[in-house]
Amino acid sequence: MSIGSGDAMKIVIPGGTGHLGVLLSGALAGAGHEVVVLSRHAGTRVPGARTVLWDGRTAGAWAAELDGVDAVINLAGRSVNCRYTKENLRQMMDSRVESATAVGTAVAAAARPPKVWLQMSTATIYAHSFDHANDEATGVIGGGEPGVPAYWGFSVDIARNWENAQLAAETPATRKVALRTSMVMAPGRGGPFDTLWRLARSGLGGPVAGGRQYMSWIHDRDFVRAVKFLLVGDDLAGPVNLASPNPLPMRAFMAGLRQAVGVRVGLPAARWMAEIGAFVARSDTELLLKSRRVVPGRLVDAGFTFDLPEWLDAARDLVARSRPPGP
């Protein structure tokens, strides 16, 4: 079944209260679609959306929201911006697999199931790589590659199990897409751009551990456009990379950001310095040190064009939108 590109849709977004959920809800509601966000917290408000309570694990009254809708976009999962302790890694795994399984159960039980189910995944599923650009056809799945911390493999396991939970759902009437998403660059608190922008403004936006590692990214406008494209793209199912076609080594990425900010110098950080900084920020160095060289093979082949495929142009737009208003 298909969704016309000009039709108003009803879209359910489990886990849509975070940075990306708010971004998508606003954009989809602004385009005239009805948006329902599933939240684990009663009383949560998301601009442009109606919110419904769920537990993110089991079928409940919320499942009725999926009966007769056009699309479900599952974003649920514990934030990866944390220390990678054993407990946090377990929560990252369970929150993703359990929520995807619950959505699959609800879709399978619906009398009128959604036409399409977009399931969040991550570009981190690909191997740490400097010289190979990973698309969906030739990309190397990570886990166990030499020269990286062994615990990085757990992030790949999370991504595999996350995607497998969607794949295993028996939903023959629903097209399923796994969104292997790179870092979404959007202004505002809660996303990676805000952290990097603040570092660049303070003079700390230099390369980390030499800066050879690749940064895969996508501008928020292109992220929203790609999601809309996939909602109506009847021939696209399975894994799809959401990433700019132009990933950059971190050294060049941060230089472009500094140029957009208007700061000439950014202090570099050695690996040990990054470890201390990550500890203080309650985050993990994998987010900075893993080389994610990911490109959007299937999107480009399907005819999707990026509004902002070059990082300097994207950074200038983001910086302009992030500056506090003048007097």
Next on the checklist: side-chain contact (heavy atoms from CB on, under 4.5 Å), that's the test. Do Leu308 and Arg221 meet it? Break it down for me.
Outcome noted: CA-CA 8 Å; Leu308 289 162; Arg221 185 193 309 165; 4.0 Å; yes
Next on the checklist: Tell me which pairs pass salt bridge (Lys or Arg N to Asp or Glu O under 4.0 Å) where either residue lies in residues 187-200, with sequence neighbours left out.
Outcome noted: Asp194-Arg198
Checklist entry - If you group Ile, Leu, Val, Met, Phe, Trp and Tyr whenever their side-chain heavy atoms sit less than 4.5 Å apart, what else falls in with Val140? => result none
Checklist entry - Any donor-acceptor pair under 3.5 Å linking the side chain of Lys290 with the backbone of Thr124? => result yes
Checklist entry - Taking C-beta and beyond as the side chain, do Pro309 and Asn246 meet within less than 4.5 Å on heavy atoms? => result yes
Item to check | Derivation of the side-chain contact (heavy atoms from CB on, under 4.5 Å) call for Lys115 and Asp234 | outcome: CA-CA 9 Å; Lys115 301 174 182 68; Asp234 292 346; over 6 Å; no
Next on the checklist: Is there a side-chain contact between Met120 and Thr181 in this structure, where contact means two heavy atoms from C-beta onward sitting under 4.5 Å apart?
Outcome noted: yes
Checklist entry - Are Ser39 and Thr44 close enough that a side-chain donor and a side-chain acceptor fall under 3.5 Å? => result yes
Checklist entry - Considering all heavy atoms of both residues, which atom of Leu20 and which atom of Leu75 are nearest to each other, and what is their separation? => result C-CD1, 4.1 Å
Checklist entry - Does atom CD of Glu170 have more than 12 heavy-atom neighbours from other groups under 6.0 Å away? => result no
Next on the checklist: With clusters defined by side-chain heavy atoms of hydrophobic residues (ILVMFWY) lying less than 4.5 Å apart, directly or transitively, does Met215 cluster with Val148?
Outcome noted: yes
Checklist entry - Same cluster for Leu289 and Met254 if Ile/Leu/Val/Met/Phe/Trp/Tyr side chains link at under 4.5 Å? => result yes
Next on the checklist: Can you give me the closest heavy-atom contact between Gly16 and Ser25, atom names plus distance?
Outcome noted: O-OG, 4.4 Å
Checklist entry - Side-chain contact, heavy-atom cut-off 4.5 Å: Asn241 with Leu299? => result no
Checklist entry - Does anything in residues 288-309 pair up under ring-ring contact (aromatic ring centres under 6.0 Å, His included), and if so which pairs, sequence neighbours excluded? => result Phe229-Phe304, Phe304-Phe306
Item to check | Euclidean distance, Arg78 CZ relative to Ser99 OG, rounded to 0.5 Å | outcome: 14.0 Å
Checklist entry - Are Trp197 and Leu318 close enough that some pair of their side-chain heavy atoms sits under 4.5 Å apart? => result no
Checklist entry - Is there side-chain contact between Glu34 and Ile11, with heavy atoms separated by less than 4.5 Å? => result no
Checklist entry - Hey, does the side chain of Ser95 reach the backbone of Gly77 with a donor-acceptor pair shorter than 3.5 angstrom? => result no
Checklist entry - Are His219 and Asp307 close enough that a side-chain donor and a side-chain acceptor fall under 3.5 Å? => result no
Next on the checklist: The criterion is side chain to side chain contact (heavy atoms under 4.5 Å, CB included); which residues satisfy it with Val177, sequence neighbours excluded?
Outcome noted: Leu118, Arg175, Leu179, Leu230, Val240
Item to check | Fellow cluster residues of Tyr214, listed by chain then number, with links counted only when side-chain atoms sit under 4.5 Å apart | outcome: none
Item to check | From OG (Ser322) to CE (Met185), nearest 0.5 Å | outcome: 11.5 Å
Item to check | Audit row: Gln213, Arg251, side-chain contact (heavy atoms from CB on, under 4.5 Å) steps and yes/no | outcome: CA-CA 8 Å; Gln213 67 273 34; Arg251 179 179 294 275; over 6 Å; no
Item to check | Test: Asp135 and Arg298 ion pair at under 4.0 Å | outcome: no
Item to check | Exam field: side chain Lys176 to backbone Gln119, donor-acceptor pair closer than 3.5 Å | outcome: no
Next on the checklist: Using only atom types and a distance under 3.5 Å, with no angle test, would you say the side chain of Glu145 pairs donor to acceptor with the backbone of Gly143?
Outcome noted: yes
Checklist entry - Hey, what do you get for CD (Glu310) to CG (Leu248), rounding to the nearest 0.5 Å? => result 8.0 Å
Checklist entry - Do Glu163 and Arg96 have side chains that get closer than 4.5 Å, going by heavy atoms? => result no
Checklist outcome for this item: For Val265, the other hydrophobic cluster members (4.5 Å side-chain criterion, sorted by chain and number) are none
Item to check | Which atom of His19 lies closest to which atom of Pro187, heavy atoms considered | outcome: CE1-O, 3.7 Å
Checklist outcome for this item: Hits for ring-ring contact (aromatic ring centres under 6.0 Å, His included) against His128, two or more places apart or cross-chain, chain-then-number order -> Phe130, Trp152
Next on the checklist: Could you tell me if the side chain of Phe193 sits less than 4.5 Å from the side chain of Asp220, heavy atoms only?
Outcome noted: no
Checklist entry - When rounded to the nearest 0.5 angstrom, what distance separates CG in Asp70 from CG in Asp7? => result 8.0 Å
Checklist entry - So, does Ser216 use its side chain to make a donor-acceptor pair with the main chain of Pro247 at under 3.5 Å? => result no
Checklist entry - Is any side-chain heavy atom of Met9 closer than 4.5 Å to a side-chain heavy atom of Leu231? => result yes
Checklist entry - Can you name the side chain to side chain contact (heavy atoms under 4.5 Å, CB included) partners of Leu167, sequence neighbours left out? => result Asn164
Checklist outcome for this item: Connected to Trp62, directly or through other members, by ILVMFWY side-chain contacts below 4.5 Å are Val12, Val36, Leu38, Val52, Trp54, Leu66, Val69, Val72, Val103, Val107, Trp117
Next on the checklist: Within 45 degrees of the ring normal and closer than 6.0 Å to the centroid, is that where the cationic atom of Arg160 sits relative to Trp162?
Outcome noted: no
Next on the checklist: Taking Val22 as the starting point, is it possible to reach Ile13 by hopping between hydrophobic residues whose side chains are less than 4.5 Å apart?
Outcome noted: yes
Item to check | Nearest heavy atoms of Ala302 and Leu236, plus distance in Å | outcome: CB-CD1, 3.8 Å
Checklist outcome for this item: In Arg292, Glu136, His132, Arg180, the residue satisfying side-chain hydrogen bond (donor to acceptor under 3.5 Å, both in side chains) with Tyr126 is Arg180
Item to check | Stepwise side-chain contact (heavy atoms from CB on, under 4.5 Å) test for Val97 and Thr101 | outcome: CA-CA 6 Å; Val97 173; Thr101 300; 4.1 Å; yes
Checklist entry - So, Asp131 and Arg212, do they make that salt bridge, N to O below 4.0 Å? => result no
Checklist entry - Can you name the salt bridge (charged side-chain N to carboxylate O under 4.0 Å, His left out) partners of Asp94, sequence neighbours left out? => result Arg90
Checklist outcome for this item: Smallest heavy-atom separation, Leu23 atom then Phe223 atom, equals CD2-CD2, 4.0 Å
Item to check | Met250 with Val295, same ILVMFWY side-chain cluster at under 4.5 Å | outcome: no
Next on the checklist: Asp67: which residues meet the salt bridge (charged side-chain N to carboxylate O under 4.0 Å, His left out) condition with it, sequence neighbours left out?
Outcome noted: Arg112
Checklist outcome for this item: Closest non-hydrogen contact found for Ala159 with Thr122 is CB-CG2, 3.6 Å
Checklist entry - Looking at residues at least two apart in the chain, or sitting in another chain, which of them share a side-chain hydrogen bond (donor to acceptor under 3.5 Å, both in side chains) with Glu98? => result Arg57
Checklist entry - Can Met92 be reached from Met183 by stepping across I, L, V, M, F, W or Y side chains whose heavy atoms are under 4.5 Å apart? => result yes
